[in-house]
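Right, one structure below, let's go through it.
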Amino acid sequence: MFQKSDFTVFDDPTLEGRMDKIRQIIDPKFEDFAKAALPILNADGRPWVAHVAKHKMRKVNPPENTWVAFAPNKRGYKMEPHFELCMWDDHLYLYLAIEENMKKTKADGPVIAKQLDRLANEVRALPDDFVLSNDHMQNNAHPLDEYAETVTRYGKVKAAEVLIGRQIPIDSPFLNKQSDQLLSFLLDTLKQLLPLYEELAQ
């Protein structure tokens, strides 16, 4: 699985160089994680698919992060709730992601926000090391007690998002001496988020 040394891919300042390193070092590890995660996801009877980021739109600047996303749709994942394992230059995260692309019309935001409101008790019951983010393309994290505020913003602001999960900092034992335990930690995170997904997917 992932180790601290993998993060050096982001030290390459060139598009070609960084993409080569991502394809050679990071993508195979995303694929390995997918082999472990898909049996868990497929247990609900949906046809889950792993989508490894290709960064095809990148022409000049190298990607600041890279990811594999999971959704029961072979054509894509951004238009529905999905799971995302992502690497930034200073951490990994595994999130249940409800992104802005789900808001196809202005009316969709408030409707989805009501669905998210109904998950408040389940979110509150998650372990203390779970966090929120309001933008999957920004390197940030917020405490779970900001869930209501984050959901309200999702309903009102087109670009707002709701992401729930765990971050693993580059200096975490799971990326160093305890790297052999990282996969179990990630799969545990996935299992704890699955009930939230199932409620949203109904």
With rounding to the nearest 0.5 angstrom, report the [atom1] to [atom2] distance, [X] to [Y].
X: L193; Y: R166; atom1: CG; atom2: CZ; answer: 8.5 Å
X: I22; Y: T66; atom1: CD1; atom2: OG1; answer: 4.5 Å
X: L92; Y: N65; atom1: CG; atom2: CG; answer: 11.0 Å
X: M1; Y: S184; atom1: CE; atom2: OG; answer: 9.5 Å
X: H136; Y: E100; atom1: NE2; atom2: CD; answer: 7.5 Å
X: T189; Y: L126; atom1: OG1; atom2: CG; answer: 10.0 Å

Tell me if the CG atom of D145 is crowded by more than 12 foreign heavy atoms within 6.0 Å.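 Counting neighbours around CG of D145, more than 12 heavy atoms of other residues, nucleotides or ligands fall under 6.0 Å, so yes.
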Kindly check if the number of other-residue, nucleotide or ligand heavy atoms within 6.0 Å of NZ (K104) is above 12?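 At most 12 heavy atoms, drawn from other residues, nucleotides or ligands, come within 6.0 Å of this atom.
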Are any side-chain N or O atoms of [X] and backbone N or O atoms of [Y], one a donor and one an acceptor, separated by less than 3.5 Å?
X: D90; Y: D171; answer: no
X: E199; Y: Q115; answer: no
X: Y197; Y: A97; answer: no
X: D20; Y: G17; answer: no
X: D12; Y: V9; answer: no
X: K103; Y: V157; answer: yes

Tell me, do [X] and [Y] make a side-chain contact under 4.5 Å, heavy atoms counted?
X: E198; Y: R46; answer: yes
X: Q138; Y: S133; answer: no
X: Q167; Y: S172; answer: no
X: I112; Y: L116; answer: yes
X: N139; Y: D89; answer: yes
X: I170; Y: W88; answer: no
X: L144; Y: L132; answer: yes
X: P47; Y: K74; answer: no

side-chain contact (heavy atoms from CB on, under 4.5 Å) partner of F2, chosen from L183, L85, I168: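 Testing F2 for a side-chain contact (heavy atoms from CB on, under 4.5 Å) against L183, L85, I168 leaves exactly one candidate, L85.
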Measure centre to centre between the rings of F130 and Y95, then say whether the value is under 6.0 Å.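 Centroid distance F130-Y95: not below 6.0 Å, so no.
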Taking the inter-plane angle between the rings of W48 and F83 on a 0 to 90° scale, is it parallel (under 30°), tilted (30 to 60°) or perpendicular (over 60°)?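 Tilted.
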For the residue pair H51 and Y77, does the interplanar ring angle fall in the parallel (under 30°), tilted (30 to 60°) or perpendicular (over 60°) class?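 Aromatic pair H51/Y77 classed tilted.
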Hphob cluster co-occupancy, V123 + V131, side-chain heavy atoms under 4.5 angstrom: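 Result: no, two separate clusters.
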